[in-house]
Amino acid sequence: MADCIFCKIAKKQISSDIVYEDKKILAFLDNRPASLGHTLVVPKTHAETLDKLDEDSLKSLILSVQKVSKAISKFSQGYNVIQNNKEVAGQIVHHIHFHVVPRNDGDGIRWNRPNPVFSEKEIKNVIEKIKSNLNL
Ligand code: 5GP
Ligand code: ZN
């Protein structure tokens, strides 16, 4: 996509700190990292969200996320893998990407979330909604 920042990074029109690259995938450091080594893994072809990505690209993408995670696990105590879809979920760059965030004791990172309570009826309904939309 013409004015997509991650397409431009993937095409090397904008520079980035690349840590891994193959035919389909680029992994580079986030320029506003949550921790040292915070890496973004992106397909070179544009898709906005996970649900829009073709299967082949998704396979390459998730395997690359694991590759980067294996590397990060060698020098950090743990790591988070995060993937946001749509602005309401925190997606700022509209080109699918996984965050791999190295974690260590005392790093101060907090992913706070509310814990709402739902009725049995609501839970039953949402199970049905998910199941009935699985093969669409
Ligand atoms: P999102 O909130 O969309 O899941 O995360 C987008 C991430 O991309 C953010 O953490 C942000 O710091 C990072 N980012 C945005 N623009 C650039 C850029 O031009 N270069 C790099 N390396 N990272 C970027
Ligand atoms: Zn793009």
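Note that ligands are numbered from 1 as they come in the structure, with each ligand's atoms numbered from 1 the same way. We count residues from 1, following the sequence as given.
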Closest to atom 2 (O) of ligand 1 (heavy atoms only, candidates S16, P33, S15, G90) is G90
Discussion item. Does the residue Q83 have a heavy-atom contact with ligand 1, meaning some pair of atoms that are separated by less than 4.0 Å?
Written reply: no
Atom 7 (C) of ligand 1: closest protein heavy atom, distance to 0.1 Å, is D30 OD2, 3.5 Å
- Message: Go through it in stages, so that I can follow the logic: the residues are S35 and I109, the test is side-chain contact (heavy atoms from CB on, under 4.5 Å), and I'd like the CA-CA distance, side-chain angles, deciding distance and then a yes or no.
- Response: CA-CA 8 Å; S35 65; I109 298 171; 4.0 Å; yes
Candidates H95, H97, E87; heavy atom nearest atom 6 (C) of ligand 1 found on H97
Residue, atom and distance of the protein heavy atom nearest atom 21 (C) of ligand 1 read N31 CG, 3.4 Å
- request: Identify whether the distance between the nearest side-chain nitrogen and carboxylate oxygen of E122 and K129 falls below 4.0 Å.
  value: no
Atoms of ligand 1 under 4.0 Å from any heavy atom of H99, numbered from 1 in the order shown, are 1 (P), 4 (O), 5 (O), 7 (C), 10 (O)
(Q) Counting only nitrogen or oxygen atoms and a 3.5 angstrom limit, does F6 reach ligand 1? (A) no
Per-atom filter on ligand 1: closer than 4.0 angstrom to a heavy atom of I5 are 19 (O)
So the atoms of ligand 1 within less than 4.0 Å of a heavy atom of N84 turn out to be 1 (P), 2 (O), 4 (O)
message = For ligand 1, which is the ligand I care about here, please tell me if Q91 has any N or O atom under 3.5 Å from one of the ligand's N or O atoms.
response = no
Output for pair (T39 OG1, Y20 OH), nearest 0.5 Å, gives 13.5 Å
Can you check whether V93 has an N/O within less than 3.5 Å of an N/O in ligand 1?
yes
Dump the intermediate steps for side-chain hydrogen bond (donor to acceptor under 3.5 Å, both in side chains) on Q91 and H97, then the final yes or no. CA-CA 9 Å; Q91 185 176 18; H97 52 281; 4.8 Å; no
Taking both backbone and side chain into account, is any N, O or S atom of H94 nearer than 2.8 Å to the Zn ion (ligand 2)?
no
* Answer yes or no: does atom CD of Q77 have more than 12 heavy-atom neighbours from other residues, nucleotides or ligands under 6.0 Å? => yes
Interatomic distance, CD1@I9 vs NZ@K44, rounded to 0.5 Å, equals 13.0 Å
Looking at ligand 1, is there an atom of it that comes within less than 4.0 Å of some heavy atom belonging to I14? no
Is any side-chain heavy atom of L61 less than 4.5 Å from a side-chain heavy atom of F98? yes
Fill in: Validation row: T45, S57 side chains within 4.5 angstrom (heavy atoms)
yes
Under 4.0 Å from one or more heavy atoms of I9, ligand 1 contributes atoms 18 (C), 19 (O), 20 (N)
key: Backbone or side-chain N or O of H38 under 3.5 Å from ligand 1 N or O   = no
For the Zn ion (ligand 2), the nearest N/O/S atom on H95 is atom ND1
- Query: Can you check whether L29 has an N/O within less than 3.5 Å of an N/O in ligand 1?
  - Reply: yes
Ligand 1 atoms nearer than 4.0 angstrom to some heavy atom of I92 are 1 (P), 2 (O), 3 (O)
* Asked: Would you say the side chain of K131 lies within less than 4.5 Å of the side chain of I127, judging by non-hydrogen atoms?
  -> yes
Of all heavy-atom pairs linking Y79 and R103, the shortest is CA-CG, 3.8 Å
The Zn ion (ligand 2) has as its nearest N, O or S atom from H46 the atom ND1
- Measure up the H38 and H99 rings against each other and bin them: parallel (under 30°), tilted (30 to 60°), perpendicular (over 60°). tilted
Notebook entry, point to check: Just wondering, do I96 and K52 contact through their side chains at under 4.5 Å, heavy atoms?
Noted result: no
For L40, the ligand 1 atoms with a heavy-atom partner under 4.0 Å come out as 8 (O), 13 (C), 23 (N)
